[in-house]
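On a predicted model such as this, the values are computed, not experimentally measured, just so you know. Every number for a ligand or one of its atoms is a count from 1 in the order of the listing.
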Amino acid sequence: MEPSILSQTQSICPVCRKRIPARYRKEGSKVYFEKECKEHGDFRTLFWRDAQLFEEWPALSVHADQVKGKPARRGCPYDCGLCEEHEGASCTAVLEVTFRCNMNCPICFADTGKINQWEPDQAGVRRMLEAVWKTSGNCSIQFSGGEPTVREDLEDLLRMGKEMGFSHIQVNTNGLKLSQDPDYAARLKNAGADLIYLQFDGTDDAVYQAIRGRDLFEVKCRAIEHCAKAGLGVLLVPVVTPGVNDGKLGEIVDFAKKHMPAVKGIHFQPVSYFGRFPDQCPPDEARMGLGDLMQELERQTGGEMRLSDMVSRKRSDSHCSFSSVYYLDEEGQLRAITKENRREDAPCEPGTNFPEKANQFTNEYWRMPKEQGKSRSRTAMGAFLRRLREYTLSVTGMGFQDVWNVDLARLRGCCVHVVTPDGNLTPLCAFHLTDAKGGHLYQVDLDGRLVCLQEEKDCGECE
Ligand code: SF4
Ligand code: SF4
Ligand SMILES: [Zn+2]
């Protein structure tokens with residue numbers, strides 16, 4: 001292997017979507033993901049800006065007992081559902097309970113209006129939850145969309161999930177309805193919502209104008225205020241877009257600190273190029289890798305958060321995500337709970353129950369304590385422990401893959417799965433993947449069945 005090649009893998013061609021060889025290559029101080037299709041040429045996209053960090057970050061890609069999926073017939077990534085080659089059991093199962101939305105953002109994962117024009121009824125949602133339980137047991141559930149709050153029966157769906165035994169259910173929302181109806185947060189909480197997964201791109205309206213096409217900062221603040229009143233925890237979820245809000249990560253952390261303990265964490269998502277995005281390989285300046293994000297967090301918080309606090313997560317490929325947890329002390333400083341152990345990170349033992357492990361994390365860090373604010377303890381230690389429980393902030397990130405950088409090894413280890421009404425589970429990055437012309441690899445037909453749109457003759461290696 002040439003010295004500049006850091007590792008080899010497989011990907012797909014952005015044009016014909018055939019499986020092709022790919023690799024991570026060091027160029028100067030940067031790491032690029034490159035691949036070539038015999039028919040459509042070479043493709044190259046910036047992965048991380050710091051090759052040293054890439055090399056130091058643990059390269060783990062096998063995580064769990066093999067999923068007992070359906071037979072692999074055409075090979076990854078054409079057998080989703082999950083297939084027997086898949087290595088990551090669900091840590092989060094995403095149920096798109098509607099395709100409808102009350103906004104029309106320029107950036108949208110779900111690409112509403114183009115695909116997935118189905119909306120499961122309650123029996124359909126029950127079947128989806130049953131499929132998750134059967135495959136992954138009690139993993140975290142996310143009701144998503146579209147915009148799930150446009151469903152009048154969302155509270156019924158939450159109750160259903162709880163009755164079936166799921167211990168963590170979060171609602172992925174733009175916050176519009178939560179901001180408009182002061183009682184809605186309490187109703188969601190009473191019905192079983194454990195967390196609001198709130199789209200939150202920044203602390204000023206210029207950011208929302210650029211990413212969502214309208215002023216929204218006030219809406220987000222009001223939604224958080226209503227959740228705080230209802231005792232419903234909030235996870236801020238910024239999509240980090242170079243040139244728009246990549247310089248505002250420190251401000252988002254400051255905002256989160258000011259709104260604790262209702263704000264339980266921040267989940268940063270560097271923008272990826274699918275959905276409603278243009279169809280060319282993004283230039284370097286349009287890319288922010290997960291490594292770049294971690295370094296920017298250290299820089300923009302003036303070292304309050306450090307790279308050494310950030311650890312790779314064991315339940316997905318180590319280049320998919322990072323995790324860190326902090327305690328906010330009385331002086332308003334974040335103190336890391338996770339520390340200096342990323343090199344010791346190792347794949348979990350065979351037999352590890354991943355869904356349960358993931359749920360331990362969400363239950364511990366993403367939920368508002370029941371008696372929050374009512375400090376009963378008279379001892380200094382008791383008060384400290386209470387504050388420690390209430391004032392933890394989890395800061396995590398996930399670098400979603402697009403057709404330019406999709407790494408099939410990462411995809412096989414994916415633990416974030418979209419559930420379709422026919423009971424199939426598909427890695428989120430495969431489910432939303434679009435090729436250079438905007439064509440989807442997967443689609444859900446009008447009967448709720450998951451369909452791979454790649455023709456049989458075009459599956460497999462590019463020859
Ligand atoms: S991503 Fe997983 S489920 Fe899909 S084809 Fe690859 S191994 Fe199978
Ligand atoms: S959703 Fe994408 S980035 Fe996240 S774990 Fe799965 S493959 Fe990795
Ligand atoms: Zn090709």
Do me a favour and list the nearest non-hydrogen protein atom to [atom] with residue, atom name and distance?
{"atom": "atom 6 (Fe) of ligand 2", "answer": "C414 SG, 2.2 Å"}
{"atom": "atom 7 (S) of ligand 2", "answer": "Q401 NE2, 3.3 Å"}
{"atom": "atom 3 (S) of ligand 2", "answer": "G399 O, 3.5 Å"}
{"atom": "atom 8 (Fe) of ligand 2", "answer": "C320 SG, 2.3 Å"}
{"atom": "atom 4 (Fe) of ligand 2", "answer": "M398 SD, 2.6 Å"}

Taking NZ, NE, NH1 and NH2 as the nitrogens, is one of them in [X] or [Y] under 4.0 Å from a carboxylate oxygen of the other?
{"X": "D447", "Y": "R449", "result": "yes"}
{"X": "D402", "Y": "R287", "result": "yes"}
{"X": "R306", "Y": "E298", "result": "no"}

- Query: Do V451 and Y442 have side chains that get closer than 4.5 Å, going by heavy atoms?
  - Reply: no
- Report yes if the side chains of Y208 and V219 come closer than 4.5 Å at any heavy-atom pair, otherwise no. no
- What protein N/O/S atoms are found closer than 2.8 Å to atom 6 (Fe) of ligand 1? C76 SG
- Among V444, V419, N424, L425, side chain to side chain contact (heavy atoms under 4.5 Å, CB included) partner for F431: V444
- Side-chain H-bond candidate by donor/acceptor type, N172 with Q142, under 3.5 Å: yes
- Note on the structure: Atoms of ligand 2 under 4.0 Å from any heavy atom of R410, numbered from 1 in the order shown, are 3 (S)
- Name the orientation class of the two ring planes belonging to H319 and F54 (parallel below 30°, tilted from 30 to 60°, perpendicular beyond 60°). parallel
- Item | Pairing residues for E285 by the salt bridge (Lys or Arg N to Asp or Glu O under 4.0 Å) criterion, not counting sequence neighbours | none
- Message: Taking backbone and side chain together, does C429 place any N/O/S atom at a distance below 2.8 Å from atom 2 (Fe) of ligand 2?
- Response: yes
